[in-house]
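As structure tokens, the structure follows; a few thoughts come after it.
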Number of protein chains: 2
Amino acid sequence: MVSTDMQNSFTEENYLKIIHSLSGREGLEVSTNALAESTATRAASVTDMLRKLAEKGLIHYKKYQGVRLTDLGEKVAIKVIRKHRLWEVFLVEKLGFGWDEVHDIAEELEHIPSEVLVEKLDAFLGHPRFDPHGDPIPDSKGNLTEPDYLILTDVHISEKVLMMGVLDHAPAFLQYLDRSNITLGCIIEVKEINDYDKSAFVQINDAHTLFISLEVSKNLLVQRL
Amino acid sequence: MVSTDMQNSFTEENYLKIIHSLSGREGLEVSTNALAESTATRAASVTDMLRKLAEKGLIHYKKYQGVRLTDLGEKVAIKVIRKHRLWEVFLVEKLGFGWDEVHDIAEELEHIPSEVLVEKLDAFLGHPRFDPHGDPIPDSKGNLTEPDYLILTDVHISEKVLMMGVLDHAPAFLQYLDRSNITLGCIIEVKEINDYDKSAFVQINDAHTLFISLEVSKNLLVQRL
DNA sequence: ATATATTTTTAGGGTAATCTAAATTTTTTA
DNA sequence: TAAAAAATTTAGATTACCCTAAAAATATAT
């Protein structure tokens, strides 16, 4: 069994988490530039860090070829994601933060190292399966099963779906959803779709109706009833 | 009004916290060597950091003269202490950690920057006034009033006192107290004191009795009933 | 009061993570 | 497929924090 207990820095953990998220379910190669954008650093800095992560056996890296996580890197990334999402649940459920307010704080809390802390936090929260944005929380063994949500753009007219999550976590978007009474678990019925710009007329919880742009539809994760 | 919102690093915050604790209630000068010992670094490194903290207006520093916190430095230190103690309450009261297990984790959590987080955590915990070791928690305005506890060595024979806190936070000491059923709030009656080594025979909660060494007595904070 | 011991500071470096600018490799396009 | 464009890497610095060794200041002791 390979040890996952080595110490990774705050910065290394962030790279791993971002590589995980950018490489998606299929584990595609992630480019240096994409990482530079996501880490808000310069490509040259990314190259330096990639060499380091490769030396530690956390990524597969060949010059000019992009990177993928190794199994070890994946484990570390998933641990960080688990911590991030559990802390988000804590902040929303226990401390009363809004779902638009918790990202930056969880970004800090996710790097607190204690394993036993994570497990006790998980138990305290009642082993939640999803975070406040609908993202699945990896279990303590590191199993992360992404539910196969639809995007609202894939829903046909007069279908009713359950709102399950968001792709964009930006506060401005989440606040817009709050103002529109679109919350996790609400029922969305697509009443009309405008052919020209794909904006839609939807009904929320069989009650109020509103227009939403394609940009909004693209960022709403839903499930058929 | 002077801003206290500038960003201080993890390391800077630790120095301020340690200076606060070493300079005591009277705000005595703290020596470079004492700081080197408490920060587990070399005296030369301490000198570097002291120059930096002085430039930021956080400490009063004259070469070879030792340091004191400025009002600003005191404010920052007290904020860190507030966070540390609130997180310790959370870890013990909500997550079920023992009082001997929480120090290192709180040492990390205390540097999470959000002010809102601290205030919401404080409210969630019910505005506790003391941490799990009996140390007072500064209020949101930064007022820290150290209660005037006695040390058990100052208690006379046949006096009954209330156990209020510990001076030594070492896990080994706290575990010894657990095994001896000495907990915050228990009643301690001094039955006998050995003239030679000042070890004492005490009764806990009017129930079981035990011998404790001077070393133990020196680290128990108590209050007359 | 002067020599000795201790404490503290300075000088000169090292590492992690970042940067800019230049060089190199890969990709795209004509 | 060769030239141009884009992406990536290398080279050389910078900042924060830490180090060792040596110098300087202060404290102690005879």
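This one's a predicted model, so the numbers in the text were calculated from it and none came from an experiment.
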Which whole-number value in Å describes the distance from A:Leu50 CG to C:dT18 P?
11 Å

Which of these nucleotides, D:dT8, D:dA11, D:dC19, is closest to any side-chain atom of A:Ser31?
D:dT8

Measuring centre to centre across the rings, with the benzene-like ring taken for any Trp, is A:Phe10 within less than 6.0 Å of B:Phe10?
no

Which nucleotide, C:dT7, C:dT9, D:dC18, lies nearest any side-chain atom of B:Thr41?
D:dC18

Let me know the distance between CG of A:Leu35 and C1' of D:dA7, rounded to the nearest Å.
13 Å

So which nucleotide from D:dC18, C:dC19, D:dT8 ends up closest to the side chain of A:Arg42?
C:dC19

Kindly assign one of parallel, tilted or perpendicular to the pair B:Phe90 and B:Trp87, based on the angle between their ring planes and the thresholds 30° and 60°.
perpendicular

Spacing of A:Asn33 atom CG relative to D:dA7 atom P, expressed in whole Å:
6 Å

Output the rounded distance in Å from CG (A:Asp48) to C1' (D:dG12).
11 Å

In Å, rounded to the nearest 0.5 Å, how long is the span from CD1 of B:Ile137 to CZ of B:Arg85?
8.0 Å

Whole Å only: how far is the CD atom of A:Glu29 from the P atom of D:dA7?
17 Å

For B:Ser45, which contact category applies under a 4.0 Å heavy-atom criterion: base, sugar-phosphate, or nothing?
base

Can you pull every protein N or O that's under 3.5 Å from an N or O on nucleotides 23-27 of chain D?
{"unit_1": "D:dA25", "atom_1": "O4'", "unit_2": "B:Tyr64", "atom_2": "OH", "d": "3.3"}

Among residues at least two apart in sequence or on other chains, which ones pass side chain to side chain donor-acceptor pair (under 3.5 Å) with A:Thr11?
none

Going by ring pair (Phe, Tyr, Trp, His ring centres under 6.0 Å), name the residues that satisfy it together with B:His84, two or more places apart in sequence or in a different chain.
B:His103

How would you list all residue pairs meeting side-chain hydrogen bond (donor to acceptor under 3.5 Å, both in side chains) that involve residues 144-155 of chain B, not counting sequence neighbours?
none

Filter on salt bridge (charged side-chain N to carboxylate O under 4.0 Å, His left out), then keep only pairs touching residues 15-41 of chain B, sequence neighbours left out; what's left?
B:Lys17-B:Glu107, B:Lys17-B:Glu110, B:Glu29-B:Arg68

State which of C:dA11, C:dT18, C:dT7 makes the closest approach to the side chain of B:Ala44.
C:dA11

Determine which pairs satisfy side-chain hydrogen bond (donor to acceptor under 3.5 Å, both in side chains) with at least one residue from residues 212-221 of chain A, sequence neighbours left out, and list them in order.
none

Need one value for A:Thr47: base, sugar-phosphate or nothing, where a base atom within 4.0 Å counts as base even if backbone is also close, heavy atoms only.
base

To the side chain of B:Ala43, which of D:dC18, C:dT9, C:dC19 is closest?
C:dT9

Starting at CZ of A:Arg51 and ending at P of C:dT15, how long is that distance when rounded to a whole Å?
15 Å

Any pair with a residue in residues 20-66 of chain B that passes ring pair (Phe, Tyr, Trp, His ring centres under 6.0 Å), sequence neighbours left out, goes on the list, sorted by first then second residue, please.
none

Rounded to the nearest Å, what distance is computed from the CD atom of residue A:Glu37 to the P atom of nucleotide D:dA7?
11 Å

N/O donor to acceptor pairs below 3.5 angstrom from side-chain atoms of residues 116-127 of chain A, sequence neighbours left out:
{"unit_1": "A:Glu119", "atom_1": "OE1", "unit_2": "A:Arg82", "atom_2": "NH2", "d": "2.7"}
{"unit_1": "A:Glu119", "atom_1": "OE2", "unit_2": "A:Arg82", "atom_2": "NH2", "d": "3.2"}
{"unit_1": "A:Asp122", "atom_1": "OD2", "unit_2": "A:Arg82", "atom_2": "NH2", "d": "3.2"}
{"unit_1": "A:Asp122", "atom_1": "OD2", "unit_2": "A:His127", "atom_2": "ND1", "d": "2.8"}

Roughly, in whole Å, what's the span from OH in A:Tyr61 to P in C:dT25?
13 Å

Which residues within residues 9-16 of chain B lie with some heavy atom under 4.0 Å of an atom in DNA chain D?
B:Ser9, B:Thr11, B:Tyr15

